[in-house]
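Just so we're on the same page: letters track the sequence lines, and every chain starts at 1.
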2 protein chains.
Amino acid sequence: MKHTYDYPRPAVTTDCVALRFSAGHLKLVLIQRAHKPFKNAWALPGGFLDMDEDLKTCVCRELEEETGITNVFVEQIKAYGTVDRDPRGRTVSVAFLGLMNPDDSQLDAGDDASDAQWFRIDQLPKLAFDHGQVIKDALALLRTKVRSEPIGFELLPKKFPLRDLQRLYEIILDQSFDKRNFRRRILDLGVLVDVGQVEKNSKHRAAKLYRFDRKKYKQMKKNEVAFKL
Amino acid sequence: MKHTYDYPRPAVTTDCVALRFSAGHLKLVLIQRAHKPFKNAWALPGGFLDMDEDLKTCVCRELEEETGITNVFVEQIKAYGTVDRDPRGRTVSVAFLGLMNPDDSQLDAGDDASDAQWFRIDQLPKLAFDHGQVIKDALALLRTKVRSEPIGFELLPKKFPLRDLQRLYEIILDQSFDKRNFRRRILDLGVLVDVGQVEKNSKHRAAKLYRFDRKKYKQMKKNEVAFKL
DNA sequence: GCAAAAGTGTTTCGGGTACACCCATGT
DNA sequence: ACATGGGTGTACCCGAAACACTTTTGC
């Protein structure tokens, strides 16, 4: 079936900068292109917007179709629409930052997804289209937001030791924190609760586990207390 | 001439939250709709993306066509694409924040523009589509950016007294600053230069005029000194 | 000469930063 | 018992905030 309009229209797509925190590194999922243009280069997962779905729905659907990943926190970065960004035709792409629990990030070798792979963000391959810029913008957004909103927790399991939270912040912000100061600052915010458990399989003394308490965070916002790291 | 595609495509538009600072208030330009839907409600200037123009080009062109305003600093807010945001059909709109020198903001009664008007942002009329949300997001972006980037100057003439700069910041951030502390902070950044002139037509003692020095700002950034208010 | 706004330094206070040792646990 | 990482308190310093008077100029 064909679709006809009085004026030409660009294609609208979404792309996802899907990040995972594991083994002390931020990792990004990319898909190797099988065809021209940018054959064999790596691209962000993404695809065309359906007429009956919102932008967020689209980016989550495409991410699942191409990588098998579900259950992702997504936040819009911005729209990219330079005239020649896709040599095949005019395309406007809305990019999203996707953050996930490391337990939810097993790649599924779907049909579309046979060439999906995780890359450390400091070891990226040749990228297709303007995806290099999109990734830069995504990381800049992550760095900004992680300081003023509790989005770091989206990259950790429900229960986590403070050490992991500190390492995550250190990796994202590319700076190191004093352990005591970091713990005080985070705990004084009052949005973490001790779940009363400790790590399993610790090689030495096991660390307490905490979880982020969304209700307490909302309360804190209502009281106009800022989340500032 | 008709344009045909294998899959349906949403229309792509841009919208502009164009702000001006005058008489101690932030003002926003809106256009009254003559037709359904949202007949007689007020809407942001904006329109369809042409196939050979970038998003920024589009929003500037539409703003000029509908209001006569040119010479605007524009910065993307985000894309809006919920399924039912325009009852006439699926539309994805990329919204921009537009800031202008108050001298450049005379409204031009063009054909499209006969009903363009400035409104104080705290006295807005009934708005069409999701434009209320877009405006909220625009102001949030302005508040964030004005603290970490020198975009406030886009809302002032080339030469301005420090008093006006302080009033602008106070209006945007909805808080008052101590005059001496404000001046010290701004001047210590080292990005303002005394132009060696004073205000004309002052009713009393005339204030010195300053201008923002973009070169010094770039130098400052290169030295990794932060612009923080 | 007076009304109105411009311009200018110092003190105080609090939050952020620096810093080191004991504890618990697995091997 | 030892190696490894977990967990904890205090002192200092710097930058932000508070604060009031003199100067200039138009009327």
Go through the structure and list residues passing ring pair (Phe, Tyr, Trp, His ring centres under 6.0 Å) with Phe227(B), not counting sequence neighbours.
none
Taking the axis from the first five pairs and the axis from the last five, what angle separates them in the helix from dG1(C)-dC27(D) to dT27(C)-dA1(D), rounded to 10 degrees?
10°
Kindly indicate whether the side chain of Lys208(A) and the base of dG6(D) share any N or O donor-acceptor pair separated by less than 3.5 Å?
no
For atom CG of Leu229(B) and atom P of dA16(D), their distance in whole Å:
10 Å
Listed partners of Lys208(B) passing salt bridge (Lys or Arg N to Asp or Glu O under 4.0 Å), at least two apart
Asp194(B)
Calculate the interatomic distance between Lys179(B) atom NZ and dA5(C) atom C1'; express it in whole Å.
7 Å
Check whether any side-chain N or O of Gln76(A) sits under 3.5 Å from a backbone N or O of Ala95(A) as a donor-acceptor pair, and report yes or no.
no
Please state how far atom CD in Gln166(B) lies from atom C1' in dG7(C), giving the value in whole angstrom units.
12 Å
Partners of Asp174(A) by salt bridge (Lys or Arg N to Asp or Glu O under 4.0 Å), sequence neighbours excluded?
none
Give me the distances for all protein-to-nucleotides 24-27 of chain D N/O pairs that come in under 3.5 Å?
residue	atom	partner	partner atom	Å
dG26(D)	O4'	Lys203(B)	O	3.1

Give every residue pair that meets the salt bridge (Lys or Arg N to Asp or Glu O under 4.0 Å) criterion with at least one member in residues 161-172 of chain A, sequence neighbours excluded.
Arg163(A)-Glu199(A)
For Phe96(A), all residues meeting ring pair (Phe, Tyr, Trp, His ring centres under 6.0 Å), sequence neighbours excluded
none
Between C1' of dA5(C) and CG of Leu209(B), the distance in whole Å:
15 Å
Over all strands shown, is Arg163(A) touching base, sugar-phosphate only, or nothing at heavy-atom distances under 4.0 angstrom?
sugar-phosphate
In whole angstroms, the gap separating P of dT25(C) from CD of Glu199(A) amounts to 13 Å
Return yes if a side-chain donor-acceptor contact under 3.5 Å exists between Ser93(B) and Asp15(B), otherwise no.
yes
Can you check the Asp188(A) CG to dG9(D) P distance for me, whole Å?
12 Å
Pairwise salt bridge (Lys or Arg N to Asp or Glu O under 4.0 Å) hits with a residue in residues 125-141 of chain A, at least two apart
Arg85(A)-Asp130(A)
Holding to salt bridge (Lys or Arg N to Asp or Glu O under 4.0 Å), I want the full list of residues that pass it with Arg184(A), two or more places apart in sequence or in another chain.
none
Give the B/S/- string for nucleotides 9-14 of chain C, one per nucleotide from 5' to 3', where a protein heavy atom under 4.0 Å of the base yields B, of only the sugar-phosphate yields S, and otherwise -.
BB----
Arg183(A) CZ - dT17(C) C1' separation (whole Å)
18 Å
Distance test, side-chain N/O of Arg185(A) to OP1/OP2 of dT17(C), below 4.0 Å:
yes
Starting from C1' on dA5(C), measure out to CG on Leu165(B) and report it in whole angstrom.
17 Å
Applying ring pair (Phe, Tyr, Trp, His ring centres under 6.0 Å) to Tyr169(B) and not counting sequence neighbours gives Phe182(B)
Taken in chain and number order and not counting sequence neighbours, the residues that satisfy side chain to side chain contact (heavy atoms under 4.5 Å, CB included) with Arg61(B) are Asp50(B), Glu53(B), Cys58(B), Glu65(B)
